[in-house]
Every structure is written in structure tokens, then in C-alpha cells.
2 protein chains.
Amino acid sequence: MKRQIPDATVARLPVYLRCLSQRAGEAVCSSTDLARTAGVNAAQVRKDLSFLEAQGVRGVGYDINELRLRIRRALGLTHDFPVVIVGAGNLGRALANYRGFTEWGFSIAAIVDTDARKVGSHISGTEVESMDLLEDVVGRRGIEIGIIAVPAGAAQRVGDRLAAAGIRSILNFAPTVITVPNVEVRRVDLSTELQILAYHLTGRADAKTT
Amino acid sequence: MKRQIPDATVARLPVYLRCLSQRAGEAVCSSTDLARTAGVNAAQVRKDLSFLEAQGVRGVGYDINELRLRIRRALGLTHDFPVVIVGAGNLGRALANYRGFTEWGFSIAAIVDTDARKVGSHISGTEVESMDLLEDVVGRRGIEIGIIAVPAGAAQRVGDRLAAAGIRSILNFAPTVITVPNVEVRRVDLSTELQILAYHLTGRADAKTT
DNA sequence: TAGATTGTTAATCGATTAACAATC
DNA sequence: TAGATTGTTAATCGATTAACAATC
């Protein structure tokens, strides 16, 4: 069962969830409405929601609370996911301070760093622990998701250690491509995004001169 | 001319660029090689590179320096892009400190914040200026790219102001969906990424119990 | 020449979307 | 009933990839 939600849909579900949270007062939302705020096609929304066996009401729309619940369930956000943040630099701190974590069912179970001066300090209520404890902490606290927020040079090594420790999903913020077999790695990279924007800037400049 | 590079290819070019930079010593790289490090199919690599009129040598591979140049040119990374960072909190600081900026031809032309206590301080050599100066600074320094690193509640307003100031591309790090007509907006969102990982974790858990 | 690898075709696959009957 | 909106089909579009002739 399950599993047949297309990747493209899975990538959009969190966006829908976010848009729906932003409509507190309202009780019902049409596919057209949701499509507009999410920036996609209305047919797309309906198609996506059909994978969740979402029950819209013809002539009315979707019950917002019901829909949010279904999306969460489809994404597997039914229990808490403990997360380890590796690296307590600027980025690691920014991530740890992001309070959206708990809002969506993720919790910072550990922050580790190699820098002895950082160990023992607290970020957003979590104590920074020694990188030496990584495997220990991951195992003991049942952590399944690792966030890499270390310099590029250290990222691959961290990825390897996370994998060896039993982590199954990695979010890599280090500006480098890492390879970790049997682990789902997602990369978030500022310069990649900037470069894509640059392409479109250039494209539109061309269009103007044409 | 140009413009006919598919979106999917454009999104991969920065990855290739990154992978190629990581192979300093070497002079030549085959599509199979590059595909492995980039985590894609070798035919995909060749197809992508064919849009750049890249000249590989049969039986040998691609000249790394030549290829990097072509990718940069295709992406429009031929001149410097001044960037404004809006928000000098944890995230804004992390972004400003990221030295990959200049490496890829982007420069931090301004950092602005509403907090008077932050104005005047320096981040990575750039002075934080008052948010009131946003439009002024964007116009005067010819800034085309804006990075939003403010709390969710302020993001839409910042987006509107950036657009009004003439910005044509926005990278939105605020955990909210914003709508800005006629502006290319890309969203980078930690919780979206985590939620996608969560889906796959759940999926694999199912697979194991089956 | 033999081995390797490109460039490109063509088949396949997956994702998007217009359209409309069903129905609240 | 009339108006609105869903759920789904089917057409279209775009992206991926195997395969292989070309050729270094």
C-alpha cells in the first residue's frame, strides 16, 4: 500500500501544507485558491490531492483541517523525528534557532561540533556536544535524520560517519556534492540556487533586447 | 539564440560545475565519471552538455577547464552579480559569511535590517544598513538579486519592496510562500526538505516490514 | 587497429494540464 | 434549480535513458 505518490507530488505537499497553515480563519479552500497561493495549476492541485484520497466536496472545496491531516499522514509526519545537526557554526546555529522545526514534528535531538570551545555551549536550548559522540548519540537517541552544516571539506567524512551510525536521511547544507550509498541525501545549496537565478536573469535580459 | 536549455538541465549545470571544481589535478573527465560524482545518468550528462555545444573528444572525454567555462557561459556567470541580503539575523549572517558567494561571481553589495542595533555593525566585511535604504541601495548599486532572510511574517512585504525597487530575482529563505508578480522567486525551505525526507523514511520503513 | 567514449536518436517514462461529466 | 467545484480522463508536453553509429 501507499508508496505510489509521485515524487513531484511529494515535493509539492509540504508547500500545500504551508499554504494551508497560513489560512487560519478559513474552514474550506478550493483547488483554485490553493493553486494560486502555492503557485501551481489548479488541476495539478486536484490531481495531487487525489493521491491522498482527499475528500473534497464538489461545489464547495476541501476542508482545511481535514486536508492538513491527510497531507501530514501521507508524508509520514505522524510521529516526531529526532534530528542531529552536525556543525555549530553560523549555519548550524541558524538552523537550530529555526523554530519551524518543532512546528512540523521535527526535534533537535543533538548538535555536535569538533570545536572544543563550542562544546558545552547552548543553542536554542540544546547543548552542543563533541563530534566524538556522534555515533553514540545517534544510536542512543534513535536519530534517523542528519543535517550537515560543516565546511565543504568535512562534509563527505561527516556523511560517511552518519551513514555508519545508522542515519538513513541526510540534508546536506555544505556546498559540496557528497556520495553516501543507501542513504537519501538532499542537498541545499545557496550557490546552486543563485546560479539558476543568474541563468534566468540573463535569459530575460536577452528577451528584452530582442 | 540561446534560451533553449531545458529547466531540468539548467538545474543540473551548477552541480556539474561544482563537481568539476572538485577535480583540480585532472585535465579530462568522461561523462561516466561526471555522472557518478553528480549522481545522475551518464546519458543525461552527455545530453545536458550537448545543449552547451560542449565539445567532448570521442574516446577521451571532456576538457575540464573548457567545460567549466562553457557551463559558466551558459548560465550567464560571465559577469559579477551584486546581491542584497535582507535580514541580518542568524540566517542572514550565515549567508553573508558564506565565502562561496564570490567564488561563483556573486558579491554582497548590501545587507539591510530593520533593527537599529544591528545597523552599522559589520558582517564579513559588509556594513549592515538600515532597511529604509533598501530601494535606494538597490537602485544605486544596480542590484538584481535579493535574498530574503527575515522572519516569515515580514517576507511578503520585503518581496513587494524588492520588486518595487526593481529586483528581478529573489531567493526566499523565509519559511513562507510569497507571491511577487514578474519576479523569479526561488524558495529554500528547511522544513520542506525535512518533510520530503520524512516521506522517504516512512516509505522505506514500510518496505522493510513488507 | 582496438578500446574508449562521445553525440544523437528513438523509445519510454513521468508530469502537466485542459476539459468536462459528476455532484454538492 | 443554478452555480460552483471536484475527480478523472485523455491529450500533451517534457525529461530520462538505452542503445549504437561515429570517431578519437
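Below, chains carry the letters A, B, ... as their sequence lines are ordered, and counting in each starts from 1.
- Between Asp7(A) atom CG and dT16(C) atom P the separation is 11 Å, expressed in whole Å.
- Side-chain proximity of Pro6(B) to dA15(D), dT16(D), dT6(C): nearest is dA15(D).
- In this structure, Glu53(B) reaches neither bases nor backbone, as no heavy-atom distance under 4.0 Å exists between it and the strands shown.
- Under 3.5 Å, the side chains of Arg12(A) and Gln44(A) contain a donor-acceptor pair of N or O atoms.
- To the nearest angstrom, P of dA15(C) lies 8 Å from CZ of Arg12(A).
- Side-chain nitrogen and oxygen atoms of Ser31(B) include at least one within less than 4.0 Å of the OP1 or OP2 phosphate oxygen of dT6(C).
- In this structure, the nucleotide among dA15(D), dA15(C), dT8(D) sitting nearest to the side chain of Ala8(B) is dA15(D).
- When the P atom of dA4(D) is taken as reference, atom OH of Tyr62(A) falls 18 Å away, rounded to whole Å.
- Thr9(A) comes within 4.0 angstrom of no nucleic acid atom, judged by non-hydrogen atoms across all strands.
- One atom, CZ of Phe51(A), and another, P of dT8(D), lie 11 Å apart when rounded to the nearest Å.
- Asp48(B) places its CG atom 10 Å from the P atom of dA15(D), with the value rounded to the nearest Å.
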Candidate pair Tyr16(B) and Val40(B), rule side chain to side chain contact (heavy atoms under 4.5 Å, CB included), full reasoning
CA-CA 10 Å; Tyr16(B) 297 157; Val40(B) 300; 3.8 Å; yes
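- Ranking dT6(D), dT16(D), dT17(C) by closeness to the Arg46(A) side chain, first place goes to dT6(D).
- With a cut-off of 3.5 Å on both Watson-Crick or G-U wobble distances, the partner of dT6(C) is given as dA21(D).
- Look at CD1 on Ile64(A): it is 16 Å from C1' on dT6(D), rounded to the nearest Å.
- Rounded to an integer number of Å, the gap from CG of Leu67(B) to C1' of dT6(C) is 13 Å.
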Checking Arg72(A) against Gln195(B) for the side chain to side chain contact (heavy atoms under 4.5 Å, CB included) test, could you report, in this order, the C-alpha distance in whole Å, the side-chain angles of both residues, the deciding distance, and whether it holds?
CA-CA 9 Å; Arg72(A) 296 188 89 115; Gln195(B) 286 170 33; over 6 Å; no
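- Proximity note for Lys47(B) (side chain, C-beta onward) versus dT8(D), dT8(C), dG7(D): the nearest is dT8(C).
- For Ala43(A), whose side chain is taken as the heavy atoms from C-beta onward, the closest listed nucleotide among dA19(C), dT9(D), dT6(D) is dA19(C).
- With a 3.5 Å ceiling on both atom-pair distances, the Watson-Crick or G-U wobble partner of dC13(C) is dG14(D).
- A donor N or O paired with an acceptor N or O is found under 3.5 Å between the base of dT6(D) and the side-chain atoms of Arg58(A).
- Residue Gln55(A) contributes atom CD, which lies 18 Å from atom P of dT5(D) at whole-angstrom precision.
- Between the side chains of Ser124(B) and Tyr98(B), not a single donor N or O lies within less than 3.5 Å of an accepting N or O.
- Counting only N and O atoms by type, the side chains of Thr78(B) and Arg73(B) include no donor and acceptor under 3.5 Å apart.
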